[in-house]
Number of protein chains: 2
Amino acid sequence: MRSYGQYCSVAKALDVVGDRWTLLIVRELLSRGPCRYTDLRSGLPGIATNLLADRLRELEAAGLVEREDAPPPVATTLFRLTDRGAELAPVIDALGRWGVPLMRDHRADDAFRGQWLRLPVRMFLADHEPDRPASSIQIHAGDQAVVIDADAGRVSLRLGADPDADATVTGPPPRILALLSGSLDLADAEEQGLRVAGSHEAIRRVLPRAGTAAGEPEVTP
Amino acid sequence: MRSYGQYCSVAKALDVVGDRWTLLIVRELLSRGPCRYTDLRSGLPGIATNLLADRLRELEAAGLVEREDAPPPVATTLFRLTDRGAELAPVIDALGRWGVPLMRDHRADDAFRGQWLRLPVRMFLADHEPDRPASSIQIHAGDQAVVIDADAGRVSLRLGADPDADATVTGPPPRILALLSGSLDLADAEEQGLRVAGSHEAIRRVLPRAGTAAGEPEVTP
DNA sequence: CCGGATCCGGGTTGATACTG
DNA sequence: CAGTATCAACCCGGATCCGG
C-alpha cells in the first residue's frame, strides 16, 4: 500500500493494515488460530487467491504473520499471528462492535462462517451460573455448525457438531445473532424462525440478561 | 467500496469505513471538531480533492457525517460527525495505540499537523497535580504550534500560540512525541534536540511518570 | 488436494487543471 | 471556498494454470 506520508500513529497503522482484506485476514487468524492457506481462503469467501498470497507476504514482511512448516504427520504450512499481530485484537474488537448495528441489513447472498460467531459470543454471552456443571449448546446457523460451551464461568465456542450437547438451536444466521445479542427473547424464538430443542436452561445460562451489560448494541432484525 | 459480502460485523464495518482515506477523515473530524472543506484538506495532506469530495459524500450517505450551512457571519459549509460517526472513536483510538511503535520510523517527508498530537496527549498525559492553578505549555513541533493545558485534573490541547504559556518546548515532531510518551526524559531533552524554556514543573506536571500507566507503548526514536 | 503464480479487464486512486 | 473534470497509473477481481 502507498504510505499516507503522515507522521500520525493512526496513519502509520493504516499504512500497514489499511489495505483491502488485510484486517479480515487478521480477524480470521485471531478467531481460528494458526491456519492453512486453504482454511484462510474458505474463511475469507470472495478473496482472490493472488490477493491472499500477496497480503500474507506483506503481513509476513511487516512482522504480523509468520509461516511455520508443520511437522511431518500433516506436512503443510501454517500461518499464524505473531505477538505483534495479535495486538490488533482491540482494533478488530472495536470495528466489530461498531459494526453490530449494521448486521440488520443482511443480504441473501452474504456468506457466513461459524467462526465469525466468536466475536459476538465474547461480546454478548456470559456464564451466569458458573457453579453448575459444564453445559453446551449446539448451534446450526445456516449450514454452519458450532458449539457454545459454558464451564466454570467461561463461555467459549468451537466449530463442528456435538451430539451430546444439552440444547440445540437451528435457524438462519441473523436470527441466531439476534438471539445471542439479546434482542430476540428465547420465548419468542420459535415464532421468529428459530428451532429450539433440549434444555432451555442451558441456553438461558449464557444469554445476556436485562441490566447485565448496559449500553450494549443489539441486533434487531 | 465493494462490499465484502460477509455476514460479519467486522466485514460490515469495513464495508462502510474500509475505503482508503475514510478513517483518516474521521480522525480529522474527531480531533478538530466541525471543519470546513479546506480545513479538512489541509489536515489530510496528500489527499486528492476529488477523493475528499467523494468520501464526504459517501460518509454523508452512510449517516456518519452531516453538512451544515453555517450562519451568515461566516457563511460557509461545515462538516461534522453525527453521533454514529463519533462512535468510531474507539476504532481510531485502537488503531492509534497499535500504531505508536511505528512512529519510530519517521521519514523526512512525512507531513505533520498539530491536531495529530491530540491522541497522544489523551493517551500519555495526565494532570498529576490537579490542585495547583491551571498551567500551560507551548509546543512548537516542526512548524506547528499547539498549547497543552492542565487544569483541575484535566489535560487538553488547543491549536495555535499562547504568549502567556508557562513553558515552551521546541523541536522536531518525533522528539516532541518521545517526550510526551515518556520515552525521553525531560532532563535529557536538551541533548536530544529539544529546546525547553520556562517552568519545568509545568511540564513535569503532565508528563507520564514511571509506574503510572503500566504497559503503555512508548516512542523511542 | 495444497499453495500458490500468471495474465488480463475494469474499477479506483492520484495529480493536476479548472470553475462558479 | 468548495468543489468538478480529466486522464494516467495502479490495484483489485476473476479465471486459468502449475509444480509438489
Side-chain angles (χ1 to χ4, degrees), chain A residues 1-6 11 14-25 28-29 32 34-62 65-80 109-111, chain B residues 1-6 11 14-25 28-29 32 34-62 65-80 109-111:
Chain A
M1 147 170 286
R2 255 183 93 89
S3 167
Y4 286 107
Q6 301 186 356
L14 290 173
D15 280 348
V16 178
V17 298
D19 256 329
R20 190 161 163 77
W21 289 107
T22 302
L23 280 175
L24 290 186
I25 293 173
E28 208 57 22
L29 287 170
R32 300 207 32 178
C35 273
R36 295 177 302 175
Y37 186 89
T38 310
D39 299 329
L40 283 173
R41 206 170 45 171
S42 87
L44 293 161
I47 197 173
T49 174
N50 59 341
L51 272 194
L52 179 53
D54 280 358
R55 294 291 179 270
L56 285 172
R57 250 192 309 273
E58 294 165 6
L59 285 169
E60 204 179 351
V65 161
E66 54 193 10
R67 74 182 69 202
E68 168 195 4
D69 291 320
V74 279
T76 182
T77 62
L78 293 181
F79 296 87
R80 66 166 71 241
D109 55 349
D110 273 349
Chain B
M1 146 171 287
R2 258 182 90 92
S3 167
Y4 285 106
Q6 301 185 357
L14 290 172
D15 281 348
V16 178
V17 298
D19 256 328
R20 191 160 164 76
W21 289 107
T22 302
L23 281 175
L24 290 186
I25 293 172
E28 208 57 22
L29 287 169
R32 300 206 34 176
C35 274
R36 295 176 302 174
Y37 186 89
T38 310
D39 299 329
L40 282 173
R41 206 170 47 172
S42 88
L44 295 161
I47 198 174
T49 175
N50 59 341
L51 272 193
L52 179 53
D54 280 358
R55 293 292 179 268
L56 284 172
R57 253 191 305 273
E58 293 164 11
L59 284 169
E60 204 180 349
V65 161
E66 53 194 10
R67 74 182 69 202
E68 167 196 3
D69 289 319
V74 280
T76 182
T77 62
L78 293 180
F79 297 88
R80 66 166 70 241
D109 54 349
D110 273 351

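Order of the sequence lines fixes the chain letters, A, B, ..., with proteins taken first and strands second; residue numbering starts at 1 for each chain.
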Can you measure [X] atom [atom1] to [N] atom [atom2] for me and round it to whole angstrom units?
X       : N      : atom1 : atom2 : answer
A:Leu78 : C:dG3  : CG    : P     : 8 Å
A:Asp54 : C:dG3  : CG    : P     : 17 Å
B:Leu56 : D:dG3  : CG    : C1'   : 11 Å
A:Ile47 : C:dA5  : CD1   : P     : 14 Å
B:Leu44 : C:dG14 : CG    : P     : 12 Å
B:Asp19 : D:dC10 : CG    : C1'   : 15 Å
A:Gln6  : C:dG14 : CD    : P     : 12 Å
A:Glu68 : C:dG3  : CD    : P     : 13 Å

Verify the contact: side-chain N or O of [X] to OP1 or OP2 of [N], cut-off strictly under 4.0 Å; return yes or no.
X       : N      : answer
A:Arg57 : C:dG3  : no
A:Arg20 : D:dG13 : yes
B:Arg55 : C:dT13 : yes
A:Trp21 : D:dC11 : no
A:Arg41 : C:dC1  : no
B:Arg2  : C:dG10 : no
B:Arg67 : D:dG3  : yes

Sub-4.5 Å side-chain heavy-atom contact between [X] and [Y]:
X       : Y       : result
B:Arg36 : B:Thr77 : no
B:Leu29 : B:Leu40 : yes
B:Thr49 : B:Tyr37 : yes

Problem set entry | Touch class at under 4.0 angstrom, heavy-atom based, for B:Ala48 against every strand present | base
Does any donor-acceptor pair link the side chain of [X] with the base of [N] at a separation under 3.5 Å?
X       : N      : answer
A:Thr77 : C:dG3  : no
A:Asn50 : D:dG14 : yes
A:Thr38 : C:dG3  : no

Exercise. Is B:Arg55 reaching over with its side chain to a backbone N or O of B:Arg20, donor-acceptor style, under 3.5 angstrom?
Worked result: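 Yes.
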Problem set entry | Given DNA chain C, 5'-ward residue of the pair A:Phe79 and A:Tyr4, judged by closest heavy atom |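 Looking at DNA chain C, the more 5' nearest nucleotide goes with A:Phe79.
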Exercise. Taking only residues two or more places apart in sequence or in another chain, which ones pass ring-ring contact (aromatic ring centres under 6.0 Å, His included) with B:Tyr4?
Worked result: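 In terms of ring-ring contact (aromatic ring centres under 6.0 Å, His included), with neighbours along the sequence ignored, B:Tyr4 is linked to A:Trp21.
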